[in-house]
Amino acid sequence: MARLEQITRQRLEKLERLRGRGIEPYPHSYHRTHTCEEALKLFQRMEAGEVPTPQELRLAGRITSIRFMGKIAFFDLRDGSGKVQLFFSRERLGDGKYELLRDLDIGDIIGVAGSLFRTKTGEVTLDVADFTVLCKSLKPLPEKWHGLVDVEKRYRRRYLDLIANEETKPLFVARSRIVSAVREFLVQRGFIEVETPVLQSVAGGALARRFKTHHEALDEDLYLRIALELHLKRLVVGGFDKVFEIGRVFRNEGISTKHNPEFTMLEVYEAYADYSDMMGLVEGMVCYVARETIGSTRVKFGNDTIDLSPPWRRVTLREAVKERSGIDFEDYPDVDSLRHKMEEMGMEVDPTKDRGRLVDELISTFVEPHLIQPTFLVDYPVEMSPLAKRKRDNPGMVERFELFIGGMEVANAFTELNDPLEQRERFRKQQETQTSAARSVEDTEAEVIDEDFLLALEYGMPPTGGLGVGIDRLVMVLCGKQSIREVILFPQLKTKGD
RNA sequence: GGGCCGUUAGCUCAGUCGGUAGAGCACCUGACUUUUAAUCAGGGUGUCGCAGGUUCGAUUCCUGCACGGCCUACCA
């Protein structure tokens, strides 16, 4: 700490020295003519004789390296686009201005004006005729060679990670392009993007512990949404036949390499479609996004290479579970028999879990870790899926699939249940099992049935296919990152006082 | 919630079989007109995560705590 204080003190002294010479270290603006990248490209074109040699360029950026050599000096200047080397000479700048360089540090932001040339070693460099301090930095940057390694600091001070580690910024640029490509794909197909409330009096559409908040003026408890589903379906009722939303949802559950309390979800609804159509849609979308962003449908993920080119493997949930665990859950039609079977196999089974949750446990224990290549698990038991329509030929099952890639659930889709009476009944059953499942204390008030949603269904929702995609996980797959924190700029960490 | 591991200078890391620490980068002083991990000569700047315990003495051993990582659990 003392070292840091000392460095800050030294920099404050430099700051005062600059002020003493009538230089404002934090001016309001600087009008650059080019970015670093543009400048380098321009010079190549100049050398090729395509454009005339310009008189003067103005660049601005952060100093990332300083090499003094007596009467000359080389700095590296970095902006959002790239890096350009700067050349300063006492001869050109004059004694007074050249001496000012001594009060600059790595990390300071400056504007420079000058002309480009190639050094002896061939690097395109700006011969600086004048420079302007744009921001004096008071803290030393992480070391240039190793960058910032400390994972906790990388997440808590992402700005330092972005400055110090070259690979961080491109990753988040890639994330941005992935989201754009998703949007493009859907918009091209006639889907309309909408925004629905984050603050909800009934947080439905999924079963997860909610974040609670309070609106003062209304004097009403509200919850952060845990899914986009119920509001988007209201819009389908209202005539948005093809609609989607990309938005943050919030789940008050554990944090892990695959879970962040707030994460980005895409939900798509298409009237007159069913889950098979959604399968084709997500297959096409992921493939399109991969080609548009990483330029390939093959991607390295840990020790595996994932091949995203369609068609993807489709296997029924029942077969997958049977294959991996040896249990055919159709043979155990009620909770007790299934639980006994699982206990027989030496699994520790939570006695409050209903049959749907037991099946879910079989999936996550036996099946999910093996689904590295894109795989659709198809046809789920009705107990696990209160918002999905029953299969045409098997009323115990629903038309639903989950998409797994890299051992993670990446998407979930179903043929939406649009029978308002059955929907009410399913909610009611869900509420029963849930209260008996002894949820956590703050959740004992359990899920209230969303009456307004049911009312909407009573007006009539066309047959509809719905799809949800975990955008963060999709980014993980496409960028080959095994922790969700690597693809979220500011992942949730515990507050640390210091 | 449980298990394992980590926390030493601004950054990246050594180290002390228990005698209060050291290297590179960064930083400070000086030299240097084509450097680019510049080089050369000097300079060590630290609550060794926090709190207890054992001990003549703890950064080191023990216990607890905090934060983080991985695993596990939880998780429609």
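The chains referred to below are lettered A, B, ... by the order of the sequence lines, with proteins before strands, and numbering in each begins at 1. All values derive from a computational prediction rather than experimental measurement.
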*In whole angstrom, give me the gap between the C1' atoms of B:G10 and B:C28.*
14 Å
_Between P on B:C70 and NZ on A:K258, what's the gap in Å once rounded to a whole number?_
10 Å
*By ring-ring contact (aromatic ring centres under 6.0 Å, His included) - contacts of A:F87 (at least two apart)*: A:F74, A:F117
*asked:* Give the residues of residues 68-82 of chain A touching RNA chain B, defined as any heavy atom closer than 4.0 Å, sorted by residue number.
replied: A:F68, A:M69, A:G70, A:K71, A:I72, A:F74
*Confirm from the modelled atom types if A:E123 and B:U34 form a donor-acceptor pair under 3.5 Å, side chain to base only.*
no
*Options B:A26, B:A76, B:C70, nucleotide nearest the side-chain atoms of A:R485*: B:C70
Are any protein N/O atoms closer than 3.5 Å to N/O atoms in nucleotides 48-51 of chain B? If there are, list each pair with its distance.
none

*asked:* Please give me every residue in residues 139-156 of chain A whose heavy atoms get under 4.0 Å of an atom in RNA chain B, ordered by residue number.
replied: A:P140, A:P142, A:E143, A:K144, A:W145, A:H146, A:G147, A:L148, A:V149, A:D150, A:V151, A:E152, A:K153, A:Y155, A:R156
*Ion pair present between A:K389 and A:D419, side-chain N to carboxylate O less than 4.0 angstrom?*
no
*Out of B:C75, B:U34, B:C27, whichever nucleotide has its closest atom nearest the side chain of A:T119*: B:U34
*For B:C27 versus B:C65, give the span between their P atoms, rounded off to a whole number of Å.*
42 Å
_Phosphate OP1/OP2 of B:A38 contacted by A:R67 side-chain N/O (<4.0 Å)_ = yes
*OP1 or OP2 of B:A73 sitting under 4.0 Å from any side-chain N/O of A:S256?*
no
_Nearest to the A:E253 side chain among B:C75, B:A76, B:G69, which nucleotide is it?_
B:C75
_Here's one to test your reading of the geometry: is the NZ or CZ of A:R400 within 45 degrees of the ring axis of A:Y380 and under 6.0 Å from its centre?_
yes
*asked:* Using OP1 and OP2 only, check whether a side-chain N or O of A:S65 sits under 4.0 Å from B:A38.
replied: yes
*Aromatic contact, A:F131 with A:F88 (centres under 6.0 Å)*: yes
_Pairwise C1' distance, B:G43 and B:G22 [rounded to whole Å]_ = 15 Å
*Would A:K153 and A:L160 satisfy side-chain contact (heavy atoms from CB on, under 4.5 Å), going step by step from the backbone distance to the final call?*
CA-CA 8 Å; A:K153 278 203 182 88; A:L160 287 183; 6.0 Å; no
*Write down the distance separating the C1' atoms in B:U59 and B:A51, rounded off to the nearest Å.*
15 Å
*For B:C65, which nucleotide in any strand shown is its Watson-Crick or wobble partner with both distances under 3.5 Å?*
B:G49
*Would A:E399 and A:T415 count as having a side-chain donor-acceptor pair, cut-off 3.5 Å?*
yes
*List in chain and number order the residues that pass side chain to side chain contact (heavy atoms under 4.5 Å, CB included) with A:S256, two or more places apart in sequence or in another chain; answer none if no residue qualifies.*
A:K258, A:H259
*Have a look at A:E91 and say if it touches a base, only the backbone sugar-phosphate, or nothing, with a 4.0 Å heavy-atom cut-off.*
base
*Across all strands shown, which nucleotide pairs with B:G30 by Watson-Crick or G-U wobble geometry, both distances under 3.5 Å?*
B:C40
_Identified pairing partner of B:C56, criterion: Watson-Crick or G-U wobble below 3.5 Å_ = B:G19
_Closest to the A:L493 side chain, choosing from B:A26, B:U34, B:G68_ = B:G68
*Name all pairs fulfilling the salt bridge (charged side-chain N to carboxylate O under 4.0 Å, His left out) condition that reach into residues 113-124 of chain A, sequence neighbours left out, sorted by first residue then second.*
A:E47-A:R118
